[in-house]
2 protein chains.
Amino acid sequence: MTQGRASFSEQLADDIVQLIRSESLGPGDVLESSRDLAKRFAVTTPTVREALRRLEATGVVELRHGSGTYIGPGLERSVLANPHRPHITRSSVIELVQARLVIEPGIAALAASARDAAALQRLEAAAATALQPPVHGFRPALNFHVELAAASGNGLLRETVEALLHVRASEQTEIRFRYDDRQRDHAEHLEILAAVCDGDGAAAERLTREHLSTIRESLEAADFGEAAP
Amino acid sequence: MTQGRASFSEQLADDIVQLIRSESLGPGDVLESSRDLAKRFAVTTPTVREALRRLEATGVVELRHGSGTYIGPGLERSVLANPHRPHITRSSVIELVQARLVIEPGIAALAASARDAAALQRLEAAAATALQPPVHGFRPALNFHVELAAASGNGLLRETVEALLHVRASEQTEIRFRYDDRQRDHAEHLEILAAVCDGDGAAAERLTREHLSTIRESLEAADFGEAAP
DNA sequence: GTGATCAAGTGATTTAGTCACTTTCATGAC
DNA sequence: GTCATGAAAGTGACTAAATCACTTGATCAC
């Protein structure tokens, strides 16, 4: 069986993606109005809307009421965070740190061997602004880790770290609440940055491991008030 | 600004997720019909459909024409693959292997230290069936790596590996096409399995690294016919 | 110039209805 | 009794035509 024809709106969603690609539209650009899309693909507006909703869920497009449909960052992304993420538990927070502990040290080492000038500059900027308070859900302190992954030169690793950190923003808030030693955090970031700039992969790896271990330990030591939902 | 009220269907999507949670529905269970949902939440069916499409995009639900709406695996997932993934390039394939090279060795070490009996059994089963041909897009050979991540005991790591492997199934097909030494693949899997079962984290880590390095090298050596699109 | 106002364009939602698919269960043949 | 047939009920898929609400930009008064 060829799996038959997919749902109409699913097919349409793919067509719209193809349209975006063929017109080389990037994030921020406006897409055709849903009425025009309906005419173009010979379907009705509700069908177009279903397709757009589907694309909106993965960040490919963004629908702004009264303004238009805009291209989002999701098109070039391979792995993304689930918008309907599960609830927070104590173990999920620790699980997250443990996962990062497995992934990020290797990334730091890779970044040290890559030593891309532009990426290092952004990494330095991220470290510098890490002490600023979060705005609009954007957390400068976490951005350091994303930029570190970006400095590895591997976009997939960057997306992975980004997804992990973005996935459970609320967990991260929790972490920040429990482990709120920003000065130490910042100091450790600077150490990692220095090691990466020196091209010392082993040191970068070790420092990142220690950095995350510190966070994990302080989390395991902390007792969560809402551990039992 | 409090960001106002989100789109109606967005609110509805969250309500449906909450409904699923409150009724403890798991994958495979049927959800209320869209007509009933419309009545329950006092909206019309197209609005319900938009919300369901949104949820469908992230795998939370699955709509089967003529049958009903079923709960999917996406609810408990934190990180997932983008269904509208970018096109394949040569560099993206190598990027994928490189990312796995950073992530998976640490996972193997963690699995060796965890040594969960049930997980190891599934891992062994995955290794045994790895030589079978893929069916319905399910690739037994790749499943070993997913089960290995599962054996680490960290669900987030499992999801991450799963996403990475699922993300670019076509790239993986490409890999299999270029590096089609299944016997060797299988043998290396068995070595990793043995090291994990022995609790030898260092060996498991080293063997996984070598395993992926072998694949990477054979990929870098191969010249892609469709490198220039 | 500056500011308010209005109109056009857009997405958001409703309402009502038709079509297509799947499941089920009663009917009937064997 | 067992199994196939087939109609019916329930479901999602889609259409059609409107109306509402929001954004934007141009227009116009000051």
Side-chain angles (χ1 to χ4, degrees), chain A residues 1-17 19-20 23 25 27-72 74-75 83, chain B residues 1-17 19-20 23 25 27-72 74-75 83:
Chain A
M1 191 188 294
T2 59
Q3 176 59 23
R5 180 187 56 239
S7 151
F8 216 151
S9 74
E10 189 173 346
Q11 176 64 41
L12 184 58
D14 279 339
D15 287 345
I16 293 175
V17 167
L19 175 68
I20 293 173
E23 296 195 349
L25 299 178
D29 292 344
V30 290
L31 190 63
E32 276 183 78
S33 81
S34 46
R35 285 174 177 83
D36 288 347
L37 285 174
K39 270 188 284 188
R40 176 194 283 262
F41 292 108
V43 293
T44 54
T45 40
T47 308
V48 171
R49 295 179 56 72
E50 284 183 25
L52 290 177
R53 288 299 188 202
R54 196 191 288 270
L55 295 177
E56 191 186 33
T58 58
V60 175
V61 301
E62 183 185 350
L63 283 74
R64 295 189 204 152
H65 191 162
S67 176
T69 306
Y70 296 80
I71 310 296
L75 231 196
Chain B
M1 192 188 291
T2 59
Q3 176 57 22
R5 183 192 47 243
S7 149
F8 219 153
S9 74
E10 189 172 347
Q11 176 65 38
L12 183 58
D14 279 339
D15 287 346
I16 292 176
V17 167
L19 174 68
I20 293 173
E23 295 194 350
L25 298 179
D29 292 345
V30 289
L31 190 61
E32 277 182 76
S33 81
S34 48
R35 286 176 179 82
D36 288 347
L37 285 174
K39 270 188 282 189
R40 175 194 283 262
F41 292 108
V43 292
T44 54
T45 41
T47 308
V48 171
R49 295 177 56 71
E50 283 184 26
L52 290 177
R53 288 299 189 201
R54 193 193 289 271
L55 295 177
E56 192 185 32
T58 57
V60 175
V61 300
E62 183 186 349
L63 283 74
R64 294 188 205 153
H65 192 161
S67 175
T69 306
Y70 296 80
I71 310 296
L75 230 196

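In the text below, chain A, chain B and the rest are named by the order of the sequence lines, each starting its count at 1. Side-chain atoms are counted along with the backbone in the values below, which use heavy atoms only and exclude waters and symmetry mates.
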Would you tell me if any nitrogen or oxygen in the side chain of A/Thr47 comes within less than 4.0 Å of OP1 or OP2 on D/dT15? yes

Give the rounded distance in Å between these two atoms: CG of B/Leu37 and C1' of D/dG10. 15 Å

NZ of A/Lys39 versus P of D/dA17: gap in Å, rounded? 14 Å

Could you walk me through whether A/Arg54 and A/Ser7 pass side chain to side chain contact (heavy atoms under 4.5 Å, CB included), step by step? CA-CA 12 Å; A/Arg54 196 191 288 270; A/Ser7 151; 4.1 Å; yes

Rounding to a whole Å, what distance do you find between B/Leu12:CG and C/dT14:P? 9 Å

Nearest 0.5 angstrom please: B/Thr47 OG1 to B/Leu37 CG, how far? 12.0 Å

What's the CG-C1' distance between B/Leu63 and D/dG10, to the nearest Å? 15 Å

Single hit among A/Thr69, A/Leu55, A/Leu31 for side chain to side chain contact (heavy atoms under 4.5 Å, CB included) with A/Leu63: A/Thr69

Closer than 4.0 angstrom, basic N to acidic O: yes or no for A/Glu50 and A/Arg53? no

Output the distance between atom CG (B/Leu75) and atom OG1 (B/Thr58), rounded to the nearest 0.5 Å. 8.5 Å

Which heavy atom of B/Ala51 sits nearest a heavy atom of B/Ser9, and at what distance? CB-O, 3.6 Å

Return the polar atom pairs (N/O with N/O) between nucleotides 8-10 of chain C and the protein under 3.5 Å, or none.
from  : atom 1 : to      : atom 2 : distance (Å)
C/dG9 : N2     : A/Gly66 : O      : 3.0

What distance separates B/Arg40 CZ from B/Ile16 CD1, expressed to the nearest 0.5 Å? 10.0 Å

How far does NZ of A/Lys39 sit from OG of A/Ser33, to the nearest 0.5 angstrom? 7.5 Å

Residues touching DNA chain C, which here means a heavy atom under 4.0 Å, drawn from residues 48-56 of chain B: none

